[in-house]
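Just so you know, ligand 1 is whichever comes first in the structure, and atom 1 is the first atom listed for that ligand.
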Amino acid sequence: MLKIAVLVSGGGTNLQAIIDAKIPNVEIALVVSNNPGAYALTRAQNAGIEAVCLSPKNYESREVYHDALLSCLQEHDIELVVLAGFLVNISEKMVRSYKNRIINIHPSLIPSFCGKGYYGLHVHEAALARGVKVTGATVHIVDEGTDTGPILLQKAVEVKAGDTPEILQRRVMEEAEWIILPKAIGMLANGEL
Ligand code: GRF
């Protein structure tokens, strides 16, 4: 069994997709949110998964916060960390400690519409502003940069006339994110990636 932690900040639809996928040889051992109001915490509780909120606001510095986050993962013997809409930048110490064992889902086809400032709806606003006809999602390994690590899986999604950022965001989630994130976890757990 690969013990994974899923780190979240918001609604947790990607977390839900991972839960629903019932991935062979994977145990979702922990869900961590930085945001006490994240609905993702409720999703975890409903699924009987241990869920904790670690908010930077409750720590005297970012460094102390990041140490607490890393300790929490290590205490739970987490082997793979999944960033699923986690809006806190991961520390370099954590990247080193979990080298090649942190993955992230990004709602575009990297290297388009990624890097600093490209999160949430901003990604889809930028795709629509540029007029691309195809967008999608990417699962990648997290390194010290922002969205710069090796790409594991990608899936393309059509942009349609009349799309708003919200409509496009939903289509990218349904047709790409909720499929490739559980798939990548399963492939990593079963030695296929
Ligand atoms: C997703 O669009 C994901 O790609 C991005 O943050 C969003 C999280 O959504 N990194 P949810 O909390 O999984 O519903």
Problem - Exercise: do Ser55 and Asn34 side chains pair donor with acceptor under 3.5 Å - result: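 Per modelled atom types, Ser55 and Asn34 side chains form no pair under 3.5 Å.
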Exercise for the section: Establish, from distance only, whether the side-chain atoms of Thr148 and Asp143 form a donor-acceptor pair under 3.5 Å. Expected result: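 Per modelled atom types, Thr148 and Asp143 side chains form a pair under 3.5 Å.
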Heavy atoms of other groups near [X] [atom1], more than 12 under 6.0 Å:
X     : atom1 : answer
Glu60 : CD    : no
Tyr59 : OH    : yes
Glu63 : CD    : no

Would you say [X] has any N or O atom under 3.5 Å from an N or O of ligand 1, going by distance alone?
X      : result
His106 : no
Gly12  : yes
Asn14  : yes
Ile105 : yes
Gln169 : no

Practice task
Identify whether the distance between the nearest side-chain nitrogen and carboxylate oxygen of Glu174 and Arg170 falls below 4.0 Å.
Solution key: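 Counted as a salt bridge, because a side-chain N and a carboxylate O are separated by less than 4.0 Å.
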Problem - Heavy-atom nearest option to atom 5 (C) of ligand 1, drawn from Gly85, Ala17, Ser9, Ala38 - result: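 Result: the heavy atom closest to atom 5 (C) of ligand 1 is in Gly85.
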Problem - For atom 2 (O) of ligand 1, the option (of Glu177, Arg170, His124) bearing the nearest heavy atom - result: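 Among Glu177, Arg170, His124, the closest heavy atom to atom 2 (O) of ligand 1 comes from Glu177.
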Exercise for the section: Give the residue and atom name of whichever protein heavy atom lies nearest to atom 9 (O) of ligand 1, and the separation in Å to one decimal. Expected result: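 The protein heavy atom lying closest is Met173 CE, 3.4 Å.
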Problem - Shortest protein contact, atom 14 (O) of ligand 1 (heavy atom only) - result: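 Its nearest protein heavy-atom neighbour is Thr13 OG1, 2.6 Å.
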Handout entry: Interfacing atoms of ligand 1 (cut-off 4.0 Å, heavy-atom, Pro107)
Key =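 Listed by number with element: 4 (O).
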Practice task
Take Val134 and Val159 through the side chain to side chain contact (heavy atoms under 4.5 Å, CB included) test and state the conclusion after the steps.
Solution key: CA-CA 5 Å; Val134 174; Val159 179; 5.8 Å; no
